[in-house]
There are 4 protein chains.
Amino acid sequence: MQGKIALEEHFAIEETVGDSAGFSPADDWVELKARLLDIQDRRLAEMDAHGIELMLLSLNAPAIQAIPDRAHALELSRRANDFLAEQVARRPERFQGLAALPMQDPEAAARELDRCVSALKFRGALVNGFSEVEGHDGAVYYDRKEFWPFWSEVERLDVPFYLHPRNPLAKDAAIYEGHRWLMGPTWAFGQETAVHALRLMGSGLFDAYPRLQIILGHMGEGLPYSMWRVDNHNKWMRAQNVYPAKRKIADYFRENFYITTSGNFRTQALIDAMLEIGADRILFSADWPFENIDHAAEWFDSATIAEGDRIKIGRDNARSLFRL
Amino acid sequence: MQGKIALEEHFAIEETVGDSAGFSPADDWVELKARLLDIQDRRLAEMDAHGIELMLLSLNAPAIQAIPDRAHALELSRRANDFLAEQVARRPERFQGLAALPMQDPEAAARELDRCVSALKFRGALVNGFSEVEGHDGAVYYDRKEFWPFWSEVERLDVPFYLHPRNPLAKDAAIYEGHRWLMGPTWAFGQETAVHALRLMGSGLFDAYPRLQIILGHMGEGLPYSMWRVDNHNKWMRAQNVYPAKRKIADYFRENFYITTSGNFRTQALIDAMLEIGADRILFSADWPFENIDHAAEWFDSATIAEGDRIKIGRDNARSLFRL
Amino acid sequence: MQGKIALEEHFAIEETVGDSAGFSPADDWVELKARLLDIQDRRLAEMDAHGIELMLLSLNAPAIQAIPDRAHALELSRRANDFLAEQVARRPERFQGLAALPMQDPEAAARELDRCVSALKFRGALVNGFSEVEGHDGAVYYDRKEFWPFWSEVERLDVPFYLHPRNPLAKDAAIYEGHRWLMGPTWAFGQETAVHALRLMGSGLFDAYPRLQIILGHMGEGLPYSMWRVDNHNKWMRAQNVYPAKRKIADYFRENFYITTSGNFRTQALIDAMLEIGADRILFSADWPFENIDHAAEWFDSATIAEGDRIKIGRDNARSLFRL
Amino acid sequence: MQGKIALEEHFAIEETVGDSAGFSPADDWVELKARLLDIQDRRLAEMDAHGIELMLLSLNAPAIQAIPDRAHALELSRRANDFLAEQVARRPERFQGLAALPMQDPEAAARELDRCVSALKFRGALVNGFSEVEGHDGAVYYDRKEFWPFWSEVERLDVPFYLHPRNPLAKDAAIYEGHRWLMGPTWAFGQETAVHALRLMGSGLFDAYPRLQIILGHMGEGLPYSMWRVDNHNKWMRAQNVYPAKRKIADYFRENFYITTSGNFRTQALIDAMLEIGADRILFSADWPFENIDHAAEWFDSATIAEGDRIKIGRDNARSLFRL
Ligand SMILES: [Zn+2]
Ligand SMILES: [Zn+2]
Ligand SMILES: [Zn+2]
Ligand SMILES: [Zn+2]
């Protein structure tokens, strides 16, 4: 398929590129680093070769989210966003931007998002999971009340928010002890992000800001397969799942969430997702440079779905969600 | 469908019944407790009413696994197993037993399994996730080397081992803080059990004991949807997923695992599982008394799958796996 | 689901009701006849009871199409359409009309369609397969050139055309000899209508009138399952499928056709159709009074598809296709 | 996948090769003819290149079935079968035989099948649809009572019977008039063979000979998608589908039929078939030389189904059905 749009596609700047080193074997780091620092060259050639017209770019992970110092997190966000804006300006028909945000300081994050959308013409934000924050000794998730004014601003700006994975803190990763291979995309990314998304849903956030649209990568981080059980386990009991939100979790999932195909090029999962959240809320993505563009595109272009759905997932859904 | 076999079906004895109190709202505890303590009465009526010919019974959770004292864990296992053997003896054509095991002491667990299989004619074991063990300050998972002699005995006895969920320890549950509703079957059960299963697969256990058969409930605890990504993420890198096992994780999943439908009565997930692990490795179960028999049976009897697969999943697979 | 729209729903007038007698056992004819002649009473109660807000009504089969005399066919079409318009006028929020057309005379059919759309405010047409025409000794299909001016008018009026089944002529039904049970909805309806649709696609009609929208009932009359083979059999040969049309048959199927669920309440087929033609081109329908409303609605309301797709298939697709 | 078995794979002898000329454009006839007349050379190379260990060979179509003269039909059957036996004898580990049968004379057909199975060690029969018979002016289908002694012999010999497509007689093909492209594999093959199979099911044949196993090619000739409607249309009426057989049609379909993937390399249809008839009754096949081995094998080897099902469909089901 020509004309695809991809939206979980990462770059790095010198200050953040090292954050990705842990996600590749040492032997592949030279290649990964080069891919991350490139925008206008190799990346563009890959896009041309595999029918990707447009990439929405975002900073690598965890980057900003792993900087406990609020001022530093803000300063680096601004620098990364400014850099991205320059890159986009060189080829706006091929690249668009998603903002990095210093969520450590919700008010600063809201201001930076406003700046990115209003001044830099970014299309939304991509945030790498929970934030580490000076003075907190654990992961800070965004269902907490101090983030609601931030979410209010996201709704007002009317742009999507991509909730991207990161690994749990070492203190919260006992379950993976002795099995480091389960960290990252193998497994831990999915658990982290799925639970963060469920926290948002259960918190009542979407009752307060019903127009918010959150994007999850990797075919929904496992949620489509397990969503029924979230709402329907122990059905005979009178009051399971006591949370502040007013509706069933699946209602929020299908009204406030989109999912992308990034890093999960499996047709069975795509079909399952289509039967849970529907083709209107699925978006093509690759997860470059961690995943190859050809792996993503060749799979997607021949996945056994309806052609009309391929066009929606490959391009049209992104167009209308991001107003491209 | 008549003649179904169900195999994640729990009972309690006085000493363990309280362990289940946390899994129901206070209002429903009277009912849940009565259901757990009953075997020959209400349970049988439910089975008759919904076409279940045989239940393989197992102790409630976490029970034995939450008793750090080795001697106590063994003593209570024996008491529960003896009680179950008596119950089975009253109606062996309707009930069969799965052993509770004091995994805190692998050697004792092996001996108790041998006793249950050889003397009590149990059909296998059901263990509630990791064990708490005196002297360890964390969860003990069964991929550790000290358990390999136990697994050798399981293979020798040639009986299946049901890896049942339990909740993470409080110290490992920071991600659910402020969202208690995500504990238990809503979400945490799946994460706990899926990772435990992945640890077994990655450890090389099934290279050493290739005939082992592990059963996972709840349509595979999320694994079928995410299995492709476990093995195939970051495919261009030369060495992802460095673990002791020799093969791809999915190879172990489809050769050493069975999954059941317990508590996950969703046709989309069943179809996805059929396209990942195949109908030959899926088994009907309800998860009584936490789930209702009618919910499980009415869903399963009309699920939109081939009739031949219904008969295999509903009965024949269990028959040949447990030699019934 | 409340608010459903159903569009293959039939009524009869005294002159045509007898045409349906052959489609029911003698014992059920009293009931079927009463159902066909009723509009404002029993039908409305069924709609209310099963969440159907609106029915698009059409004359029973084969009716007009089985009247070789052109003048008679026209006269009866007008009478049926006028009657329908009166019925719709009594409850326009619950009933809308699809025109019966005297296809024996393509020019008259075009004029009658114009009258129905312009004057009677009908939403489209429903035609019962091929026509018998005085002077022809066989079935007349609408890919023939003499119908192209008619199709031009359909495109100009911008309304959908429902191609409804009928049985083959006795002379063309040798394959069913001794097996009358295969006639009608059991099998022959599907073959007749699928081939008629394929003739339209292969004729080049949709190259000439690319905005035409044809509706097929019964989950696409078997076409979704077999469409790949139509285009892709004997792929190594240089020129299979030599027909006047310019594109692959599947291209027309997905751009010029919609299908409905009428009389085919099978989730497997619905999923297959969704993966071939996509949820945007599937429409709920029952086929009352031949099928029961409760059978159609109870199946559809609980079919294991995404809720967003249920709303599209159940209502929104029809709304936008018929501008309701 | 290595070790595949394929079973709708055709060859021709000089006397029958011309029958296939109509199924290829003139430009491709040289190639098709060469492919049909080859067994030990090009065919073997294709098998080696694409993981096919064994082919069950059968004569091209319609061949014997289009010879009204009974004696000639028998004589040519014997000649083709003897030729095939010689070819198989050269490489029995790579080729096995399916008998051509002179169905024009049911008693002779039974005797020839016995000879092929008992003396030539063939694994079953493949017959090209209805027979033309001297003295009959139409197609003769095998549900007729004069064939029941033949079927009794098939059951006694306990070998499968492959019901292969052929085109309708010219007199029965009015529906395709002006659309010759719909003849053959595009569409007419499916209709002919599906109805023939339905006639067998409705006739009561499988009540009389319940161990008969019939194989249909091309993913079941459309039957899986439409089977529900065959049994369940007009459900409220008291007696639809009045036929001599005792059970629902779907019951025979799933107990007396197998289907193959020949010429229908579409994953959506495969999944639908798996959800209707089950993976235990689906068999890999290509339909060489009309379809390419590489098209069949590359599709099948990467079709998005469980690996265990791939092995069953690709080999193990055929092994146990044909006792290979
Ligand atoms: Zn990413
Ligand atoms: Zn349980
Ligand atoms: Zn109808
Ligand atoms: Zn063939």
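Sequence lines set the chain letters: A, B, ... in the order given, protein chains first and strands last, and positions in each chain run from 1.
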task = Over 60° means perpendicular and under 30° means parallel, so classify the ring planes of Trp181(B) and Tyr243(A), tilted if in between.
result = perpendicular
Part of Trp236(B) within contact of chain A (heavy atom distance under 4.5 Å) = both
inquiry  = Could you check whether Arg266(A) pairs with Asp272(B) (Lys NZ or Arg NE/NH1/NH2 to Asp/Glu carboxylate O, under 4.0 Å)?
reply    = yes
task = With a 4.5 Å cut-off on heavy-atom pairs, point out which of Asp287(B), Ile175(B), Asp27(B) contacts chain A the most.
result = Ile175(B)
task = Please report the closest heavy-atom contact between Asn241(B) and Thr186(A), naming both atoms and the distance.
result = OD1-OG1, 3.0 Å
task = Grab the two heavy atoms, one from Arg199(A) and one from Ala174(B), that are nearest each other, plus how far apart they are.
result = NH1-O, 4.2 Å
request  = Determine the option with the most heavy-atom pairs under 4.5 angstrom with chain B, choosing from His295(A), Arg35(A), Glu177(A), Glu221(A).
outcome  = Arg35(A)
remark   = Ranking Pro185(B), Ala188(B), Pro25(B), Gly220(B) by heavy-atom pairs under 4.5 Å to chain A gives rank one to Pro185(B)
request  = Look up atom CD in Glu291(B) and atom NZ in Lys235(A), then write down how far apart they are to the nearest 0.5 Å.
outcome  = 10.0 Å
ask   = What heavy-atom pair brings Gly222(B) and Tyr225(A) nearest, and what distance separates the two atoms?
value = CA-CD2, 3.8 Å
ask   = Contact part of Asp172(B) toward chain A, heavy-atom cut-off under 4.5 Å: side chain, backbone, both or neither?
value = side chain
Residue part contacting chain B, namely of Met219(A), when any heavy atom lies under 4.5 Å = both
query = By a 4.5 Å heavy-atom criterion (distance strictly below it), what part of His233(A) contacts chain B: side chain, backbone, both, or neither?
reply = both
key: Distance-minimising heavy-atom pair for Arg229(A) and Phe189(B)   = NH2-CD2, 4.1 Å
key: Least distance between heavy atoms, Trp187(B) atom then Ser226(A) atom   = CZ3-CB, 3.8 Å
request  = Name the region of His179(B), side chain, backbone, both or neither, that has any atom closer than 4.5 Å to a heavy atom of chain A.
outcome  = side chain
message = With a sphere of 6.0 Å drawn around CD of Glu31(A), does it hold more than 12 non-hydrogen atoms of other residues, nucleotides or ligands?
response = yes
message = If I measure from the heavy atoms of chain A, does Pro224(B) come under 4.5 Å with its side chain, its backbone, both, or neither?
response = both
ask   = How long is the span from the CZ atom in Phe265(A) to the CG atom in Asn232(B), to the nearest 0.5 Å?
value = 10.0 Å
inquiry  = How close do Tyr176(B) and Gln191(A) get, counting heavy atoms only, and between which atoms?
reply    = OH-NE2, 2.9 Å
ask   = Side chain, backbone, both or neither: which part of Leu182(B) has an atom under 4.5 Å from a heavy atom of chain A?
value = side chain
key: Structural part of Val242(B) lying under 4.5 Å from a heavy atom of chain A   = backbone
query = Side chain, backbone, both or neither: which part of Met227(B) has a heavy atom under 4.5 Å from chain A?
reply = neither
request  = Taking atom CD of Glu146(A) as the centre, report whether more than 12 heavy atoms of other residues, nucleotides or ligands fall under 6.0 Å from it.
outcome  = yes
key: Region of Leu169(B) that comes under 4.5 Å of a non-hydrogen atom in chain A   = neither
query = Between Ser24(B) and Asn234(A), is any side-chain donor less than 3.5 angstrom from a side-chain acceptor?
reply = no
ask   = Given the options Asp231(B), Ile271(B), Leu275(B), Thr267(B), which has more heavy-atom pairs under 4.5 Å with chain A than any of the others?
value = Leu275(B)
query = Which value, rounded to the nearest 0.5 Å, describes the distance between Arg238(A) atom CZ and Asp28(B) atom CG?
reply = 4.5 Å
inquiry  = Within the supplied structure, the quantity of interest is the number of heavy atoms (other residues, nucleotides, ligands) at a distance under 6.0 Å from Arg180(B) CZ; does it exceed 12?
reply    = no
key: Contacts of residues 136-145 of chain B with chain A (heavy atom under 4.5 Å)   = Tyr141(B), Asp143(B)
